[in-house]
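Worksheet: one structure, shown below.
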2 protein chains.
Amino acid sequence: MAKTAQTRARILDAALALFNERGTAAVSTNHVAAAAGLSPGNLYYHYADKQEIIRALHHRYAAAHEALWGTGGGQRASLARLRENLARSMELSWQYRFLERELVALLRADELLAAAHRAAYQRRLSQWVAFGEQLADDGLIRRPAPPVTIADLATTAWLIGTGWLPFLEITGDPHDPVQVARAGDLVRAVLAPYLDRTAWEEES
Amino acid sequence: MAKTAQTRARILDAALALFNERGTAAVSTNHVAAAAGLSPGNLYYHYADKQEIIRALHHRYAAAHEALWGTGGGQRASLARLRENLARSMELSWQYRFLERELVALLRADELLAAAHRAAYQRRLSQWVAFGEQLADDGLIRRPAPPVTIADLATTAWLIGTGWLPFLEITGDPHDPVQVARAGDLVRAVLAPYLDRTAWEEES
DNA sequence: GTCTATATCGCGATAGAC
DNA sequence: GTCTATCGCGATATAGAC
């Protein structure tokens, strides 16, 4: 039983590395088995097929993301926490970058994955909006003038967060920390009109 | 000769429909040939392989996009043109949605495609920045306070433009015009602090 | 749990007739 | 230019021994 869990983890780790490197389409169950040090047949004892492996990886990924932005320990929103969590989110996205790259295509090919993702996604976006509302309630950002809403800003920040890594993969070095950090700069640029001039830098 | 061009176009149209519907991974050259009304062998007379078909589709897509934002006819930037072009860009992205979904993965699998895309991409993003600079020069938007730049705003708008359709594919109906138009609303939200209160609505 | 062996399938690609 | 026929390959998935 413990052995099973361990072997399953080994399969996931091997698959993650291969998927990130070559993309899910170019990686077969045989490749994963070989990389994990298993026979082709044995892999099927642990996972029914490639899609099930992808679903398991997605589960790990979504859980890690949610832990980051959740209200664990009653932590209050702050600009410092926003900056830090953005950086950690980007790091997570890098670790599971095959998902960031292929997500929409993968969801179309697997209804189970799509359902799981939709649920996680909605929880997570509302975490972002709640975070923004807290910032406004605590006077750390000004509220935008209608018709612009906090939700608009949160959605924009979301699109920056999910789009930045793919953007870098096309234009530059996606794992240069300096480049990755520019996602944070863009979010600041969007929030700048609602911040006191030095608030972003000060509160670090 | 004319016949060849016609057949090639038929192949591309059939491939585009299938790619959009099922994704490139699930579509074989045989499927494309059948959908185009050709024998499997005949397809190879016109295109060497699936990647070459994808490259041809990408070429059509990139050309259409560039025509939209180019300085054709010496048209000057305006908020009205920004709104209109955004809407048309989204429509184009919808027509070639398989590219929006799979682009990063496809580029990693095809060095030729990656090179072509990088070139088109850079031209296009600088078109956006130039567009923003024109708006500022003509007093249609205020310039942001440093360190925020026009390029930051253009990049953010870019991320909204490329990220919105995938976002909708996960959360809602990606071809409901009302939904698609919300990409424009988000761009307006980002620009709002730099616009006079009614400028966006007025100039339509 | 893990292995080896194997069955089935469909894709990519080419040859050669018309 | 278009077809039919076909080969080789590798992927998925299962069976059965250990």
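Naming: A, B, ... by sequence-line order, numbering from 1 per chain.
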Salt-bridge criterion met for [X] and [Y] (N-O under 4.0 Å):
X: B/Arg188; Y: B/Glu201; result: yes
X: A/Arg182; Y: A/Asp176; result: no
X: A/Asp13; Y: A/Arg8; result: no
X: A/Glu66; Y: A/Arg124; result: no

Item to complete: Give a yes/no answer on whether the side chain of A/His31 brings an N or O atom under 4.0 Å of OP1 or OP2 in D/dG10.
Response: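 Looking at the OP1 and OP2 atoms of D/dG10, neither is under 4.0 Å from any side-chain N or O of A/His31.
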
Discussion item. Output the rounded distance in Å from CZ (A/Arg8) to C1' (C/dT2).
Written reply: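 Those two atoms, CZ and C1', are 16 Å apart.
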
Fill in: Length of the CD-C1' vector between A/Gln51 and D/dT12, whole Å
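The answer, rounded to whole Å, is 12 Å.
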
Practice prompt. Would you please classify the geometry between the B/His58 ring and the B/His117 ring as parallel, tilted or perpendicular, with 30° and 60° separating the classes?
Written response: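 Judged by the thresholds at 30° and 60°, the geometry between B/His117 and B/His58 is perpendicular.
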
Item to complete: May I ask you to decide if the ring planes of A/Phe167 and A/Trp164 are parallel, tilted or perpendicular, using 30° and 60° as cut-offs?
Response: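 Parallel.
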
Validation: residues 32-48 of chain A side-chain donor-acceptor distances under 3.5 Å, sequence neighbours left out:
residue: A/Ser39; atom: OG; partner: A/Asn42; partner atom: N; Å: 3.2
residue: A/Tyr44; atom: OH; partner: A/Thr29; partner atom: OG1; Å: 3.2

DNA chain D contacts made by [range], counting heavy atoms under 4.0 Å:
range: residues 13-29 of chain A; answer: A/Ser28, A/Thr29
range: residues 52-60 of chain B; answer: none
range: residues 36-46 of chain A; answer: A/Gly41, A/Tyr44

Using atom types as modelled, flag every donor-acceptor pair under 3.5 Å from a side chain in residues 104-115 of chain B to any protein atom, sequence neighbours excluded.
residue: B/Arg108; atom: NH2; partner: A/Asn20; partner atom: O; Å: 3.3
residue: B/Arg108; atom: NH2; partner: A/Glu21; partner atom: O; Å: 2.6
residue: B/Asp110; atom: OD1; partner: B/Arg55; partner atom: NH1; Å: 3.2
residue: B/Asp110; atom: OD1; partner: B/Leu112; partner atom: N; Å: 3.0
residue: B/Asp110; atom: OD1; partner: B/Leu113; partner atom: N; Å: 3.2
residue: B/Asp110; atom: OD2; partner: B/Arg55; partner atom: NH1; Å: 2.5

Worksheet item: Of all the choices, D/dT12, D/dT2, C/dT2, which nucleotide is nearest to the side chain of A/Asn30 once you look at every atom?
Response: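 My answer, after comparing the listed nucleotides, is D/dT12.
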
Worksheet entry | A/Lys50 side chain, from C-beta outward: closest of D/dT12, D/dA13, D/dT2 |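 Of all the options, the side chain of A/Lys50 is nearest to D/dT12.
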
Worksheet item: Are the aromatic rings of B/Phe131 and B/Trp128 close, with centres under 6.0 Å apart?
Response: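 Centroid distance B/Phe131-B/Trp128: not below 6.0 Å, so no.
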
Item to complete: List for me each residue that meets side chain to side chain contact (heavy atoms under 4.5 Å, CB included) alongside B/Gln95, sequence neighbours excluded, and say none if there are none.
Response: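 Scan of B/Gln95 (side chain to side chain contact (heavy atoms under 4.5 Å, CB included), adjacent residues dropped) gives B/Glu91, B/Leu92.
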
Fill in: Flag, side chain of B/Gln134 to backbone of B/Ala77, donor-acceptor distance under 3.5 Å
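Looks like yes, one N/O pair under 3.5 Å.
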
